[in-house]
Amino acid sequence: MPAATSQVGVSSITTAIPEKAVDLTGLPSVTVIIEDNSFSERIIVVSPGTVITWVNEGRNTHNVTPAAKNLEPGWFPQLNEDLLFPQGSATLTFDELGAYPYYCTFHGTATRGQTGQVIVRNS
Amino acid sequence: MRKIPALTIFLVISLIASSCGGSETTSVAPTTTAITTTEAPTTAAPSTTAVATTEAPTTTEAPTTTAAPTTIPLPDALRVPNDYATIQDAVDAAQPGDLILISPGTYHEAVIVETDDLVIRGLNRNEVIIDGQHERPNGFIVFSNGVAIENLTVHSHTSNGVFFTGDYGSDIILDGYRASYVTAYNNGLYGIYAFNAQNGLLENSYGSGHPDSAFYIGQCQPCNAVINNVISENNALGYSGTNASDNLIIANSIFRFNRLGMVPNTLDSEELAPQGNITIVGNIVTQNGNADTPRRSEDWDIGFGGGIVIAGGSGNLVTRNLVTDNSFGGIALSLFFDENLWLAENNTVKDNVVTGNPTDLIMIVLGLEDGTYDPSGNCFEGNTFATSAPIDIETYATCDGTATNTADAGSPNLGGPFATVDHTAMPAPEAQPTMPDADSAPGVAANSGPPEMDIDAIALPSSE
């Protein structure tokens, strides 16, 4: 279970919460289902330390790739060596407050297609 | 069209149970979440395989004609590599409506297209090569509307050769796409893949060596799309279309030497289930059941050797196709089990020639409590065939309103397991016919929808 190492500070939580975000703060763990070719909840808001598990219930292989460049704000370690095969899963815990946009490199770009975002904020 | 919760069904599903996936997990939230291009399909042109091998893009030599041209064809085109070193550079610089011309060479790129109405054209289909080297995900991923990809070869990408897709998570459906004279081979999933996209045309193209399908149009309703005059061979699936419904026509094409020929299907893992209301007409579907092909997993071998297999789809028309010598069956209508059980209902199989298959016509439907099987609106009429399961299928699954039940389950043995080949080891195809006048034809964006098809004018093909 890799822990996020980004240095996003408290000020990042001033980022506006998108209207379609799903507020899951306060839950110890949550699951994001991956379908073909999307993340079931594109934007989730969680508390620091929440365990997030991505589960691929599609038929395609997917991945969860940070949109931010290495060690820049919003970066986190890529999951499971780039690949989430069908029925595969991977887990990540975000300890730092901030916004963590991500995407699947097979079916999207940092800003288009199969994208998602984790926003970490205090409850 | 009905879906039935899987747990309520007591049925012999073992033949397809391996397709049932999905570990139990807690979701973050409920996740309810008359065409004029009717040329006969052309076989691969004989002679040499033309695949450029240079690392960097290479330009063709200047013509050696004695008379200098008085005008430069298509002077406003963005040229690669003359004007832009890479295809991506040209795409990024282009404005809506621009034509990008690519000179022969091998391009190691994964091109992202986000500008509407571009025409991206190779000057020689067999010599403009987009090589993913089994490292890059997609040769082209197209998010914008009205983009046409023409006259080039794309191979060895880890995911797809050409990928047209809407921005699914934002509820944006791609509007308008076209692939013409495209050769796609040995990509890691699909050759030409249109997902969450409408108003498209795939034509005069070729695909081989894919662990999924060479041609895919799926998750669309209405699809408003046409696949015309393509050749698909040596893939796991010649054509696949999950949850593709309404106004999709697949015509005048060849699907041969694949594990399965054509598979319109319903899956819960994509939106817009179930699949329905497409037309398959005038195709040659032959000699599928080829184990010297790649596949994703054993799940992909359900129905191995089938010619045209409608898995959990409804309201489809399959007519005037030549379906021969497939190793399992010719034309099959079957329920399909995913998270839900999806029935095959109200499909019409009419006026096809279906011969030389172990079982020419197949129908797998739900059994009733009295031990009989209701055709469920599926009907067979006017087909040339020798064998069927259930037997005498046209005498009870009729199209004239006189259908009756039968006691024959009609479930042939699917067989397996079957051998497979890694897609990276598949041979490159032979050179394919190139686009006429590629260096002078004006660019026409794919923003006017697919061509009108006169389905009644499409004849039964004679043979290859």
Side-chain angles (χ1 to χ4, degrees), chain A residues 18-25 27-46 50-63 65 82-83 85-91 101-118, chain B residues 19-33 110-114 135-138 141-144 157-160 163-172 174 187-190 193 195-196 211-212 216 218-219 240 242-243 265 267-271 296-297 299-300 338-339:
Chain A
E19 185 178 339
K20 291 187 177 181
V22 178
D23 188 355
L24 301 170
T25 54
L27 296 176
S29 63
V30 299
T31 298
V32 177
I33 302 298
I34 304 175
E35 299 172 324
D36 297 330
N37 299 312
S38 66
F39 299 102
S40 60
E41 296 297 342
R42 184 171 252 207
I43 306 171
I44 60 173
V45 183
V46 300
T50 298
V51 177
I52 303 173
T53 301
W54 283 265
V55 178
N56 184 1
E57 294 192 354
R59 300 253 169 170
N60 292 334
T61 298
H62 299 284
N63 59 38
T65 301
D82 301 349
L83 298 175
F85 293 103
Q87 310 311 315
S89 65
T91 298
Y102 62 89
Y103 67 106
C104 169
T105 59
F106 297 128
H107 304 103
T109 68
T111 58
R112 300 287 292 268
Q114 189 176 355
T115 62
Q117 184 173 189
V118 176
Chain B
S19 69
C20 178
S23 56
E24 293 299 325
T25 56
T26 303
S27 172
V28 290
T31 54
T32 55
T33 37
V111 182
I112 300 168
V113 184
E114 298 184 275
E135 295 176 353
R136 286 172 287 279
N138 301 290
I141 184 168
V142 179
F143 293 109
S144 45
H157 291 80
T158 58
S159 196
N160 311 295
F163 182 16
F164 299 100
T165 182
D167 204 344
Y168 173 47
S170 297
D171 300 324
I172 296 173
L174 186 148
N187 298 289
L189 288 176
Y190 302 94
Y193 182 38
F195 180 86
N196 200 39
D212 206 291
Y216 179 99
Q219 192 175 293
S240 174
T242 299
N243 305 347
N265 63 83
L267 290 175
D268 291 290
S269 57
E270 295 184 12
E271 296 294 317
R296 289 215 219 180
S297 69
D299 288 358
W300 261 243
D338 196 36
E339 291 179 19

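What you see below is based on every heavy atom in this structure, not just the backbone, and it leaves out hydrogens, waters and symmetry mates. Order of the sequence lines sets the chain letters (A, B, ...), proteins ahead of strands, with each chain counted from 1.
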Short question: side chain of A/Arg112, backbone of B/Phe143 - any donor-acceptor pair under 3.5 Å? yes
Nearest non-hydrogen partners of A/His107 and B/Ile141, listed with the distance: C-CD1, 3.9 Å
Let's test your reading of the structure: which of B/Leu267, B/Thr158, B/Thr242 forms the most heavy-atom pairs below 4.5 Å with chain A? B/Leu267
Choice from B/Pro137, B/Gly218, B/Gly188 maximising heavy atom contacts with chain A below 4.5 Å: B/Pro137
Atom OG1 in A/Thr111, atom CD1 in B/Ile112: separation rounded to 0.5 Å? 8.0 Å
Side-chain heavy atoms of A/Asn60 within contact of B/Arg296, under 4.5 Å: yes
What's the shortest heavy-atom distance between A/Gly58 and B/Ser269, and which atoms? CA-CB, 3.9 Å
To the closest 0.5 Å, what do you measure between CD (B/Gln219) and CG (A/Asn37)? 7.5 Å
Taking all non-hydrogen atoms of both residues into account, name the closest pair between A/Phe106 and B/Phe163 and its distance. O-CE2, 3.7 Å
Heavy atoms, side chains only, cut-off 4.5 Å: are B/Asp212 and A/Arg59 in contact? no
